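In this text the structure is predicted, and so the values were computed from the model without any measurement.
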Amino acid sequence: MASLNVGNLGEYLREQRRQAQLSLRQLSEAAGVSNPYLSQIERGLRKPSADILQQLAKALRISAETLYVQAGILDERDRDEVETRAVILADPSINERQKQVLLQIYESFRKENALDTAGTAAAAGAPDASADEMP
């Protein structure tokens, strides 16, 4: 797990708050976070927990995963997987069994691609077998 990058997180939060046209006080009230604490987060002085980030994301109407990536809690690939799963699970047009089947297929493709990537990397680093056969 990466260390928290609170400076960039604070800047990102401030920008999201401004885009949402919320004052610091309005966001703190909507998220249930104290005004001074939120100010310290925005200035990069505090490291918020995942729970606080989730509350802020909900108040800003953005995904919590986006804030987790900004904070260094998730890397970009993890976020993509979490968001894909969330979209599948939230789709009202398919039933629960279909959702589970889709998730199983998705996971099998991810594992297959991970193995392919690992195999390609290993082959690229392996010595040439024909060189061993020379007298």
Side-chain angles (χ1 to χ4, degrees):
M1 182 185 315
S3 64
L4 291 179
N5 190 351
V6 289
N8 289 341
L9 171 65
E11 293 168 18
Y12 182 79
L13 273 173
R14 182 180 297 117
E15 182 58 33
Q16 292 301 309
R17 178 176 58 77
R18 288 179 178 160
Q19 286 181 9
Q21 298 181 338
L22 294 171
S23 69
L24 194 66
R25 187 170 307 283
Q26 288 170 322
L27 178 57
S28 72
E29 289 173 5
V33 176
S34 77
N35 192 38
Y37 184 64
L38 180 56
S39 175
Q40 291 172 347
I41 293 170
E42 282 193 0
R43 290 182 289 143
L45 303 175
R46 293 288 183 172
K47 298 177 181 180
S49 68
D51 288 339
I52 297 294
L53 290 173
Q54 187 171 22
Q55 290 170 238
L56 290 168
K58 185 176 179 181
L60 290 167
R61 296 185 177 154
I62 61 176
S63 78
E65 289 79 14
T66 300
L67 291 183
Y68 296 159
V69 169
Q70 287 295 321
I73 295 172
L74 276 181
D75 72 16
E76 193 70 32
R77 290 172 299 183
D78 292 339
R79 182 186 83 167
D80 291 343
E81 179 182 355
V82 168
E83 287 180 347
T84 300
R85 291 175 180 280
V87 167
I88 291 170
L89 292 170
D91 189 337
S93 66
I94 58 178
N95 66 39
E96 290 303 313
R97 185 187 63 76
Q98 292 167 330
K99 290 175 186 180
Q100 292 307 312
V101 169
L102 271 176
L103 289 172
Q104 289 171 353
I105 292 169
Y106 174 68
E107 188 58 36
S108 72
F109 284 151
R110 286 181 53 82
K111 285 180 183 175
E112 180 181 319
N113 290 342
L115 290 174
D116 287 348
T117 302
T120 302
D128 185 9
S130 62
D132 292 338
E133 296 172 6
M134 292 182 66

Derivation and outcome, side-chain contact (heavy atoms from CB on, under 4.5 Å), residues R14 and R17: CA-CA 5 Å; R14 182 180 297 117; R17 178 176 58 77; 3.8 Å; yes
Should [X] and [Y] be regarded as members of a common hydrophobic cluster, given that ILVMFWY residues are connected when their side-chain heavy atoms come within less than 4.5 Å of each other, either directly or indirectly?
X	Y	answer
I88	F109	no
L103	V101	no
Y37	L24	yes

If you define the side chain from C-beta out and look only at heavy atoms, does anything of [X] sit under 4.5 Å from [Y]?
X	Y	answer
Q19	Q16	yes
I73	L67	no
L9	P48	yes

Measuring from [X]:[atom1] to [Y]:[atom2], what's the distance to the nearest 0.5 Å?
X	Y	atom1	atom2	result
K58	R61	NZ	CZ	10.5 Å
T66	L53	OG1	CG	11.0 Å
L115	R110	CG	CZ	12.0 Å
S34	R25	OG	CZ	10.5 Å
S49	Q55	OG	CD	7.0 Å
D91	L102	CG	CG	8.5 Å

Between Q100 and E96, a side-chain donor and acceptor under 3.5 Å: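 Not at all, the side chains of Q100 and E96 share no donor-acceptor pair under 3.5 Å.
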Closest approach of A59 to L22 (non-hydrogen atoms, all atoms of both residues):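 Heavy-atom minimum between the residues: O-CD1, 4.3 Å.
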Shortest non-hydrogen separation from N8 to Q70 and the atoms involved: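 Looking at all heavy atoms of both residues, the shortest contact is O-OE1, 4.1 Å.
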Heavy-atom donor-acceptor pair, E42 side chain to S39 backbone, under 3.5 Å: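 Side chain of E42 to backbone of S39, a donor-acceptor pair under 3.5 Å: no, none is there.
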